[in-house]
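A quick write-up on the structure given underneath.
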Amino acid sequence: MLIAGTRPEAVKLAPLILDLRARGQRPLLVATGQHRDMFDEALAGFGLQADHDLGVMAASPDEVVGRLVQALADVVRETRPAWVVVQGDTSSTLAGALAARYAGARLAHVEAGLRTGTHDPHPEEMHRKLVAQMAQLHFAPTAAAAAALAAEGVQGGVHITGNSGIDALLLMQARLADDAALARTATGPLVGIPRGRPWLLATIHRRENQGAVLDGMVSALAELAGEAEIIVPVHPSPAVSGPVRAALAGCAHVHLLPPLPYASFVALMLQSALVLTDSGGVQEEAPAIGLPCLVLRDVTERREGLDSGNALLVGRDPVAIVAAARAILAGGAVRAAMAAPAMPYGSGGAAQVINSLLLRRAGASSAQRLESWSQSVAHRPRSRALQR
Ligand code: UDP
C-alpha cells in the first residue's frame, strides 16, 4: 500500500506503481487528499489514478495529520498490507507513517535521509526525522542521505537506491521524444511564449518564502524580465498566487501559467535556460537535464546538486538573485559549468531497486487480502468507505 497526497509524492511514487504492475503485482494507492487537483493531475501524467481517496483537504499540517492518522490506520488494519510505503516529508508522509505503525504494519520510506541539519524547512525536516524513527526500510537516494541516517543511529534497513523522481523524469523525457502527439499536447501551454530571448523558469511555493520574502523575489523576476522571458507556473496557494499575480500580471515578458501537468512542466524545463526555484523536486530534476538551477533558499537538504556544480544556493535576497541570474544568462563559463548534465540523484532505475527490496520481504498472503479488500470497498461510496 502506497500512501500519498501531494504532487511530488505522485511524481515520485508513479514509477514504483508502474514497475509493480509490470511485475504482476496489485499495488494499492491511497490518496490522502492533501493536494487533490495537483496530485490527481500528476498521476494522470503516468496514466494512473488513486485507488481510494480519503478527501482530507485541510489548511494546516496539524489538521492534515490529525484528521488522517485514524482514517489511515483503519485502512491499514482492514487491509493488512505487506508494506506501507510513504515518500518524502509531507504531512501525508508523517500521517501515513504513524498510521502504519499504530496499525502494526511494516513501513518503508522512499527518499529517506534528506537533512538540512537545522530546524528548517519546518515542518518537513521534523516529518522526515520522525519517519526515520518509525520505518523498517529506508530508501536513501544518495550516499549522503544514507550517512545522515547512520549519524542519527538508524540501524539496518538502509539502502541507497537513487531518487525515483529521476526515474519519472527520464520516463517522461523519453515519452516526449517518442510520442509526437504527447509532445504537442504538452507544449500547448507554452505556445505564444516568444523564442527570441532565453526562457527563465521560476517556481516558488514554500511557506518560508511567503510574505515580504516573496515580494522581494517577485521584484527580482520583474527586473530579470529586461533580459529573459520569465515563465512562472503559479502555485495555487493563495499566499503565493495573490502576491505573484498582483505584482506580475500584465508585465511585459512575464508569463504567468497555471500549475502545469507534469509532461508540460518537463517540456518547459527542457526548453528553459535557467530555473529559479525553492522546490525540492526541481532541484533534483534540473541537473539531470543540464538546466542551471538557482535555489531560492538559505539551506537545502539537496546539496548534491550544489556539489556537482549544477545548482547554486543563492538565498532569498533579490539583489543576489538578480546578480546570479544575470551571470548565468550572460552565458560563458559560468553557464557552461552549470549546464553540463550530471546525475547526482541517481540515473533512473530507483523504482526497480526499491520494489525488489520490498517484494523480497513481502508475505504471499497480503496480495490476496489487499485484492479482496479492494473489491469490497469498490462497492461502497468513495469517501465514506474510508472516512470515519
Ligand atoms: N511540477 C509539475 N508542474 C508544475 C510545477 C512542478 O509537474 O507546474 C513537478 C516538478 O517537475 C517536480 C514536482 O512537481 O517533479 C515538484 O513539486 P513541488 O515543487 O510542488 O514540491 P517539492 O518538490 O518542493 O516538494
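Every number for a ligand or one of its atoms is a count from 1 in the order of the listing. FYI, side chains are in, hydrogens and waters are out, and symmetry mates aren't considered; it's all heavy atoms of this structure.
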Under 3.5 Å between any N/O of [X] and any N/O of ligand 1: does that happen in this structure?
| X | result |
| --- | --- |
| Met269 | no |
| Ser279 | yes |
| Gly281 | yes |
| Thr203 | no |
| Pro259 | no |

- Taking all atoms of both residues into account, what is the closest heavy-atom pair of Thr90 and Thr6, and its distance? CG2-OG1, 3.6 Å
- Note on the structure: Here the pair of heavy atoms bringing His109 nearest to Gly88 is NE2-O, 2.8 Å
Using a strict cut-off of 4.0 Å, indicate which atoms of ligand 1 neighbour a heavy atom of [X].
| X | answer |
| --- | --- |
| Glu285 | 10 (C), 11 (O), 12 (C), 15 (O) |
| Leu260 | 2 (C), 3 (N), 4 (C), 7 (O), 8 (O) |
| Pro233 | 8 (O) |
| Gly280 | 22 (P), 23 (O), 24 (O) |
| Tyr262 | 7 (O), 11 (O), 15 (O) |

- Message: For atom 21 (O) of ligand 1, what's the nearest protein heavy-atom neighbour? Residue, atom name and distance, please.
- Response: Pro8 CG, 3.3 Å
- Around atom 20 (O) of ligand 1, find the nearest protein heavy atom and jot down its residue, atom name and distance. Arg7 NH2, 2.9 Å
- Query: How many angstroms lie between CG in Asp278 and CE in Met217, if you round to the nearest 0.5 Å?
  - Reply: 6.5 Å
- Can Arg206 and Ser237 be counted as having a side-chain donor-acceptor contact under 3.5 angstrom? no
- Message: Tell me the contacting part of His205 for ligand 1: side chain, backbone, both, or neither, using a 4.0 Å heavy-atom threshold, strictly below.
- Response: side chain
Do the side chains of [X] and [Y] get close enough for a salt bridge, i.e. N-O under 4.0 angstrom?
| X | Y | answer |
| --- | --- | --- |
| Glu125 | Arg128 | yes |
| Arg197 | Glu227 | no |
| Glu124 | Lys129 | no |
| Arg36 | Glu41 | no |

- Using atom types as modelled and distance alone, determine if a side-chain donor or acceptor of Asn163 lies under 3.5 Å from a backbone N or O of Tyr345. no
